[in-house]
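The figures that follow rest on heavy atoms only: side chains count, while hydrogens, waters and symmetry mates do not.
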Amino acid sequence: MFKAVLLIVAGLLLFVMADFGGEPRQFPIVYDMPPAENANPVFSDEAIKQSARVLRNNCKFLFFAAVDDVVKASSFHSEAYPYMTEKYGWTDMIVVNVQLKDRLKSISPQYHAGGHLLTFYLGSGTKSGVITDKRQAQQICGWEESGDGSSMFHEIPELNVLKKAG
């Protein structure tokens with residue numbers, strides 16, 4: 001009898017923690033695509049959305065649990081910086097910016113992230129992944145941190161959607 005009650009309580013707790021079994025809450029990412037980019041088959045609106053989904057799934061705390069800490073998020077396509085081309089083989093990248101609120105509810109105060117703009121550079125080439133330029137982004141996502149706060153690469157093979165055909 002005790003086991004049955006314990007299982008029911010555990011099941012209810014999991015149900016409540018999963019937001020009543022529905023889709024996880026998310027904040028929208030606005031896609032700032034110039035009209036000329038809509039004709040580009042590699043960096044189409046759908047490719048950017050797919051890349052954002054991959055980023056969300058690799059940084060779940062920020063993109064699902066800390067929804068109430070985000071002011072806004074935007075994304076756009078850009079040419080990769082020269083060091084990205086040299087080091088990772090990227091020619092293009094998707095940039096995702098996430099602006100955090102000054103007063104945070106879910107993100108730990110130990111990260112000192114209030115008011116920060118977190119930028120994620122997503123690309124594919126010889127290595128597919130994301131580069132972050134702030135330690136706060138690395139910490140919140142649970143990725144390896146750069147010891148000196150410099151840019152850090154986090155490999156995400158699923159970002160191969162950004163590879164150009166041909």
Side-chain angles (χ1 to χ4, degrees), residues 8-34 37 43-81 83-84 87-88 90 92-124 127-159 161-162:
I8 291 171
V9 170
L12 287 172
L13 182 61
L14 287 173
F15 183 72
V16 169
M17 289 174 52
D19 199 20
F20 301 100
E23 290 292 317
R25 291 179 50 218
Q26 301 179 33
F27 51 85
I29 299 175
V30 177
Y31 304 99
D32 298 326
M33 295 265 304
E37 287 299 321
F43 292 98
S44 65
D45 187 50
E46 184 53 38
I48 290 179
K49 287 179 183 179
Q50 185 176 348
S51 299
R53 282 191 295 270
V54 170
L55 177 62
R56 283 182 195 273
N57 289 329
N58 280 272
C59 183
K60 290 182 179 182
F61 182 79
L62 175 63
F63 288 94
F64 296 115
V67 171
D68 294 328
D69 290 341
V70 175
V71 174
K72 64 181 178 177
S74 62
S75 180
F76 62 91
H77 163 255
S78 177
E79 289 184 19
Y81 296 128
Y83 85 91
M84 295 171 175
K87 194 166 184 176
Y88 305 111
W90 300 1
D92 297 276
M93 65 181 168
I94 303 293
V95 181
V96 176
N97 290 308
V98 178
Q99 179 67 54
L100 298 179
K101 293 180 180 176
D102 291 329
R103 297 180 195 267
L104 304 173
K105 295 178 182 179
S106 300
I107 297 173
S108 174
Q110 76 182 18
Y111 298 147
H112 305 286
H116 277 263
L117 176 67
L118 305 179
T119 302
F120 301 88
Y121 306 93
L122 295 81
S124 288
K127 283 193 172 185
S128 298
V130 60
I131 296 172
T132 56
D133 57 1
K134 286 191 177 175
R135 182 177 289 153
Q136 287 85 355
Q138 299 162 17
Q139 293 169 329
I140 292 167
C141 291
W143 300 336
E144 180 182 341
E145 293 177 46
S146 57
D148 60 1
S150 62
S151 293
M152 189 276 307
F153 175 77
H154 179 75
E155 189 167 6
I156 304 176
E158 299 89 348
L159 283 173
V161 67
L162 299 176

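- Residues passing the ring pair (Phe, Tyr, Trp, His ring centres under 6.0 Å) test with His116: none are found, sequence neighbours excluded.
- Among residues two or more places apart in sequence or in another chain, the side-chain contact (heavy atoms from CB on, under 4.5 Å) test is passed with Asp68 by Arg25, Lys105.
- Residue Lys101 places its NZ atom among more than 12 non-hydrogen atoms of other residues, nucleotides or ligands, all under 6.0 Å distant.
- Listed by chain and residue number, Tyr88 satisfy the ring pair (Phe, Tyr, Trp, His ring centres under 6.0 Å) test with Phe153 (two or more places apart in sequence, or in another chain).
- Residues Ala65 and Ser106 approach most closely at O-OG, 3.4 Å, considering heavy atoms.
- The two residues Ala113 and Ile140 come nearest to each other via the heavy atoms CB-CD1, 4.0 Å.
- Here Gln138 contributes atom CD and Cys59 contributes atom SG; the two are 11.0 Å apart, rounded to the nearest 0.5 Å.
- Remark: Thr119 engages Val95, Asn97, Leu117, Tyr121, Asp133 in a side-chain contact (heavy atoms from CB on, under 4.5 Å) (not counting sequence neighbours).
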Practice task
Please lay out, stage by stage, how Leu62 and Ile107 fare under the test side-chain contact (heavy atoms from CB on, under 4.5 Å).
Solution key: CA-CA 8 Å; Leu62 175 63; Ile107 297 173; 4.3 Å; yes
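- Taking Glu79 as the reference, Asp92 meet the side-chain contact (heavy atoms from CB on, under 4.5 Å) condition, with sequence neighbours excluded.
- Here the closest heavy-atom approach between residue Val98 and residue Ala73 is recorded as CG2-CB, 4.2 Å.
- Closest non-hydrogen pair, Val67 versus Phe63, comes out as CG2-O, 3.9 Å.
- Once rounded to the nearest 0.5 Å, the distance linking CG of Leu159 with CG of Leu122 reads 5.0 Å.
- Summarising the geometry, atom CD1 belonging to Ile156 is positioned 4.5 Å from atom NE2 belonging to His154; distances are rounded to the nearest 0.5 Å.
- Partners of Tyr83 by side-chain contact (heavy atoms from CB on, under 4.5 Å), not counting sequence neighbours, listed by chain and number: Tyr81, Ile131, Ser151.
- Of all the heavy atoms in Trp143 and Asn58, the pair that sits closest is NE1-O, 2.9 Å.
- Remark: side-chain polar atoms of Gln99 are not paired, donor with acceptor, to backbone N or O of Val70 under 3.5 angstrom.
- With values rounded to the nearest 0.5 angstrom, Met152 atom CE is found 8.0 Å from Cys141 atom SG.
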Practice task
Could you check Tyr111 against Leu100 for side-chain contact (heavy atoms from CB on, under 4.5 Å), going step by step and ending with a plain yes or no?
Solution key: CA-CA 12 Å; Tyr111 298 147; Leu100 298 179; over 6 Å; no
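- Between atom CD of residue Glu158 and atom OG of residue Ser51 there is a gap of 11.0 Å, rounded to the nearest 0.5 Å.
- Of all non-hydrogen atoms in Gly115 and Asp102, the two that sit nearest each other are CA-OD1, 3.3 Å.
- In this structure, the side chain to side chain donor-acceptor pair (under 3.5 Å) partners of Glu145, at least two apart in sequence or on a different chain, are Gln139.
- To the nearest 0.5 Å, atom OG of residue Ser124 and atom CE of residue Met93 are 13.0 Å apart.
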